[in-house]
Amino acid sequence: MSVRVRFAPSPTGYLHIGGARTALYNYIFAKAMKGSFILRIDDTDLERSKKEYETSQMNDLKWLGILWDEGPDKPGDFGPYYQSKRLNIYKKYADQLIDQGLAYYCFCSEETLAAKKEVLVEQKLAPHYDGTCKKIDPQVAHKKVEGGEVATIRFKAPIKAYTFVDKVRKEVTFPAEMVGDFVIVRANGFPVYNFCSTVDDWLMKITHVIRAEEHLPNTLRQLMIYEALGATPPEFVHLSLLVGADRQKLSKRHGATSVTQYRDDSILPNALVNYLCLLGWSHPTEKSIFFIDEIIECFNLDRFIKTAAFFDVQKLQWINGQHLRMLSNEDLVSAMEQIVSSRHGADHGFNQQNLDWKLICVELFKEKIESFKEMLPMIEDLFSQDVFVSADLKEILEWESTPLIKTYITGEVDNLVNQGRIFANESDFSKWSSHIKKELKIKGKFLFKGMRAILTGRDHGADLKVLSTLTPLTTIQGRISNLPG
RNA sequence: GCUCCCAUCGUCUAGCCUGGUCUAGGACAUCGCCUUUUCACGGCGGUAACAGGGGUUCGAAUCCCCUUGGGAGUACCA
């Protein structure tokens, strides 16, 4: 039997990094087993589901390279892939369970239920439904419903213990009477997660349910439903949780938790995938930088660990830096063109230069950064006449030698500008430094730091020789005039 | 409260199933050095962990029990 797995997000928010990780492992497992990865939209929560979120989640999955074989926009043999379009299916099986005496209509109002629960909680008893409506004759109940009375459908939870084998946690046993009769169809006719998800997983022939650990307790209810349906449950793989700094389940209050935010922050999809793979799962050879295809080749369900993992942005950044350095300069140029344009418009100085200039520029800066975003200020700086008077810069400017360099460079730069030159080239730079060395007798740090201070108005930065040839001469003139003293 | 799950450096983890090779390995972060006449990258090195207590055993990070701590669930959310 070929492997079929699914990712079933509910469109009630943007794609969460925890969700992305779950989707990723499902995808990788499907590919590793040459099976199918199915995307199903679990949109049975009418109030909270939004089309906007659905679209956004699908886009983020695609951006990460997590592509589905069957899904809302990719018909397969088991559609439709929206739960909201499968209502008749759930109705059929709910009715079947009622006919078989495995479920019953419940006419209790939410207020009644809340009151009953309160009493039980006060008595420190498990707040299970008391079974009032279970006693109603099915014929009578049926008539009431036909007569228009509002009812939910409750599942008769068998009183016995359930044991199943989780791929990560091994054998897990839920004792008898852990849950009471639970609702499977709401009063508004919409089914509840545990019911429709089980029906769908069964009908869609899902072989492995890979999901977050928070669903572990749900497995009990689902096991009961599989049993009632006469279906064989799939294999379960409960992934450890992603937690924040306080070790609690990662949520919005922990800061950036949606894929979209990292995407906007110019994190590379390959880097995010790489990092996500390493949270709760480890590479057989402890490799830490890789691409998704390499994981598909060596993926193994046995390498999950049970402990919750903290999402460490610092490590993500480092991984991003590693992936960034594997990019070609051409890739970097087009990425930076986009970023610069979206920030400053297409006519920014960077975008006006030729390709050679741009290639040299990204080559110069790429070693210094971990994400595209960090290159933006460096590029902006190239065209900025502002100077940064740090304590170090101040000291450099106070050296006896520096004013000599300033006078000389000023003359040289003015000269080139008068000749109509836009940039200096490397031989200009060589000429300047050898002049300062030989004629002005300035050497060592006085030479290089002094030149940097005058040419850039900064005490540190990228390789000066290259940097000088990338900076417009007029910018250099501006900086010199902005220098104090 | 009840049920379930979890417990190795600050963080992510290897090792655990199939006890000895673990004076516990790697990576991020951090610190130091080298490289770079700056910064970064890179290289080298340092600091840093088996939650506690009982067993079992010749021997336990590894197996068992208890304690403690943490987490999740306990919905007509998913």
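A, B, ... follow the sequence lines: proteins, then strands. Residue 1 opens every chain. Just the heavy atoms: all of them, side chains too, but no hydrogens, waters or symmetry mates, feed the values below.
- Within the shown strands, C2(B) is the pairing partner of G73(B) under the Watson-Crick or G-U definition, both distances less than 3.5 Å.
- When only modelled atom types and interatomic distance are considered, Q261(A) and Y14(A) share no side-chain donor-acceptor pair under 3.5 Å.
- Taking the side chain of E213(A) as heavy atoms from C-beta on, and the options A78(B), G71(B), C5(B), the nearest nucleotide is C5(B).
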> Where along nucleotides 41-48 of chain B does protein come under 4.0 Å, by heavy atom, of base (B) or sugar-phosphate alone (S), with - for untouched nucleotides?
Replying inline: SS------
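- The stretch residues 441-448 of chain A comes close to RNA chain B through G444(A), K445(A), F448(A), each having a heavy atom under 4.0 Å from the strand.
- Each of C5(B), G73(B), C76(B) was ranked by its minimum atom distance to the side chain of A187(A); first place goes to C76(B).
- In terms of modelled atom types and a separation under 3.5 Å, the side chain of S49(A) and the main chain of L46(A) share no donor-acceptor contact.
- The CG atom of N218(A) sits 15 Å away from the P atom of C5(B) (whole-angstrom rounding).
- Within 6.0 Å of CD in E118(A) there are 12 or fewer heavy atoms belonging to other residues, nucleotides or ligands.
- Relative to the side chain of S10(A), the nucleotides G1(B), A78(B), U38(B) differ in distance, and A78(B) lies closest.
- Set against A78(B), C4(B), G71(B), the side chain of F174(A) has C4(B) as its closest nucleotide.
- The listed nucleotides are C76(B), A72(B), C4(B); the one nearest the side chain of E214(A) is A72(B).
- The CG atom of L467(A) sits 15 Å away from the P atom of U37(B) (whole-angstrom rounding).
- The NZ-P distance, from K249(A) to U74(B), rounds to 9 Å in whole Å.
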> What string of B, S and - do you get for nucleotides 7-16 of chain B 5' to 3' if you count protein non-hydrogen atoms under 4.0 Å?
Replying inline: S---SBSSS-
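- Atom NE2 of H215(A) is separated from atom P of G73(B) by 9 Å (rounded to the nearest Å).
- H238(A) places its NE2 atom 15 Å from the P atom of C4(B), with the value rounded to the nearest Å.
- The same atom, C1', is picked in U47(B) and in U11(B); the two are 15 Å apart, to the nearest Å.
- Using a 4.0 Å heavy-atom criterion, one finds that S197(A) contacts no nucleic acid atom at all.
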